[in-house]
Protein chains: 2
Amino acid sequence: MSIHPLQWRDPHHPQADACSRCEIRQTALFGVLGDADLDRIHTHIAGLTLAPDEPIYSRGSAGLAVYTVRSGVVRFERTTDQGDRRIVRLAGKGDLIGQEALLQRPYSDEAVCCTEVQLCRIPCTLVDDLGRAQGALLRELMLRWQVALDEAEAWLAELAAGPARLRLLRLLRRLADHADAAGQVWLPRREEIGAMLGLTEETASRLVSALRREGLVTVLPGRSARLDPQALDAALQVNNAD
Amino acid sequence: MSIHPLQWRDPHHPQADACSRCEIRQTALFGVLGDADLDRIHTHIAGLTLAPDEPIYSRGSAGLAVYTVRSGVVRFERTTDQGDRRIVRLAGKGDLIGQEALLQRPYSDEAVCCTEVQLCRIPCTLVDDLGRAQGALLRELMLRWQVALDEAEAWLAELAAGPARLRLLRLLRRLADHADAAGQVWLPRREEIGAMLGLTEETASRLVSALRREGLVTVLPGRSARLDPQALDAALQVNNAD
DNA sequence: CGAGCCGTTGAGGGGATTCAAGCTCAGTGG
DNA sequence: CCACTGAGCTTGAATCCCCTCAACGGCTCG
């Protein structure tokens, strides 16, 4: 009887099933890897579930892992030197977050859960090892960096200028793309909407109330809402024309 | 007499001197390469000089090259669907721009010269070839992506909210870091300041005039200015306290 | 039940926009 | 040489949007 290698893979390791059945496997970072590679690494990947408002990592701390978002919405926050918080970006299903850790750099934002969030925690050393052999993985990594950059710039162009009502409509249009299986979207607290759009809590509240009265938004209990993408698009057309 | 290899390096190739004497060589993308590697590639790199307001590349066009900024300031612009222009980021000496071309993706912004700009044009194929052999180069690439992302988020956090005067002060503080050899900074046109800070041309003009009267800014002919970093910092302190 | 958080709404003031009118200055052509 | 032109900058006055300060109601917790 032969001796098992130290890292003998156990087909019944709990993470093995989770990885092979992962619904976002194709679109996630490791989507370029084959079954063989995937089998070797799943023991190093931890799946975790966090509650709304739980921090994932904090700005400035040394990072040992990157994370793939399997479900939910994550926000990135910064604090200006005067102490006011600003939300600079959102991430959703399939996005890779905390990539700066791969460069031995401290995390550059506070990452916080908006909704309940399911994550895969991927140690940096794992990516380093795989990257040395797998050129495709490196390309995939760079692609994700570019997507994040693109997202940040689009956020700046769309959500940081213009009348408040227009900005809120654009924000809701984006949130609609993060809708969960039941078609519900995460509706930020009013103060959070303010932090995203550069408004005060009161102004955000007034605008949301207005949209609710117009029937564009249906507020549901538990920080969620139902909204009609087509009606939003129509409202955006009207407000753009102005 | 032996036959020269096809790619025999010519020590007197005009770009050879330019590369080996490049003052930003250590900090630029190819800073990780040794002399030997550098000698092999300089024939593929073109140095070019562009005038203010000349476009470098345009959003959506297929890119065949990335560029290293050797001197001057470059701005990245986007146009919202309503047609108003927004400047989302700046790049200066030592920065790599157009990295998305390496992923066979179209450029995601309009890149335009603010000042006279000196660039090194680096074909994508060159980076691809070197990257296969040089792991350090790939790391360097990813680092630059992260820096760009960080810059975009910082811009969003600092320049997109708060009183207009404070935003202008912060913008000028950043421009001061792009000062040229003579200690002069590029001063954007008023309309451009508006596009950066989400203001109108008139408001930008009023604020700049106010700072000029306060002696914080000295406007010079030719879209440039002289400003005192320490005085700016002091003014920022005052306005932050408020 | 009171405390505290979140959301809502009102009144008032201030800051930015809008709409205008001049200004300087470089380039052009009579 | 100088009027003419247009682009960029400045400034004024009126308006409006958003902020500030404030009070109140619903809701969850301890």
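The sequence lines fix the lettering, A, B, ..., with proteins before strands; numbering per chain opens at 1.
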Note to self: Test your reading of the model: is there a side-chain donor-acceptor pair from A:Q146 to the backbone of B:L103, 3.5 Å cut-off?
What the structure shows: no

Stems field, DNA chain C, Watson-Crick or wobble, 3.5 Å, at least 3 pairs, by first number, holds C:3-12 with D:19-28, C:15-30 with D:1-16

*Under 4.0 Å: is that the gap between some side-chain N or O of A:T203 and OP1 or OP2 of D:dC18?*
no

- A:L159 vs A:M196 side-chain heavy atoms within contact, under 4.5 Å: no

Expected list for residues 187-199 of chain A near DNA chain D, using heavy atoms below 4.0 Å, is A:G198, A:L199

Across all chains, not counting sequence neighbours, the side-chain hydrogen bond (donor to acceptor under 3.5 Å, both in side chains) partners of B:D228 are none

Donor-acceptor contacts under 3.5 Å from residues 111-119 of chain A side chains, at least two apart:
{"residue": "A:T115", "atom": "OG1", "partner": "A:V73", "partner atom": "N", "Å": "3.0"}
{"residue": "A:Q118", "atom": "OE1", "partner": "A:S71", "partner atom": "OG", "Å": "3.2"}

Closer than 3.5 angstrom, by distance alone: can the side chain of A:Y57 be matched with the main-chain N or O of A:G63 as a donor-acceptor pair? no

For B:R78, the salt bridge (Lys or Arg N to Asp or Glu O under 4.0 Å) test, sequence neighbours excluded, returns A:D150, A:E153, B:D109

Sorted by chain and number, sequence neighbours left out, salt bridge (Lys or Arg N to Asp or Glu O under 4.0 Å) with A:E77 holds for A:R75, A:R85

Atom pairs and distances, side-chain donor-acceptor, residues 217-224 of chain A, under 3.5 Å, sequence neighbours left out:
{"residue": "A:R223", "atom": "NH1", "partner": "A:D53", "partner atom": "OD2", "Å": "2.9"}
{"residue": "A:R223", "atom": "NH2", "partner": "A:D53", "partner atom": "OD2", "Å": "3.4"}
{"residue": "A:S224", "atom": "OG", "partner": "A:Q184", "partner atom": "OE1", "Å": "3.3"}

- Does the base of D:dC21 carry an N or O that pairs as donor and acceptor with the side chain of A:E202 under 3.5 Å? yes

Taken in chain and number order and not counting sequence neighbours, the residues that satisfy salt bridge (Lys or Arg N to Asp or Glu O under 4.0 Å) with B:R174 are B:E151, B:E158

Those residues at least two apart in sequence (or on a different chain) that pass salt bridge (Lys or Arg N to Asp or Glu O under 4.0 Å) with A:R212 are none

What residues 218-228 of chain A contributes to the DNA chain D interface at heavy-atom separation below 4.0 Å is none

5' to 3', nucleotides 24-29 of chain D under a 4.0 Å protein heavy-atom cut-off (B base, S sugar-phosphate only, - none) gives ------

The correct set of residues in residues 206-214 of chain A placing a heavy atom under 4.0 Å from DNA chain C is A:R206, A:S209, A:R212, A:R213

So for atom CD, which belongs to A:Q230, do other residues, nucleotides or ligands contribute more than 12 heavy atoms lying within a distance under 6.0 Å?
no

Side-chain (A:S205) to main-chain (A:E201) donor-acceptor, under 3.5 angstrom: no

*asked:* On the nucleotide C:dG7, are OP1 or OP2 found under 4.0 Å from the side-chain N or O atoms that A:S205 carries?
replied: no

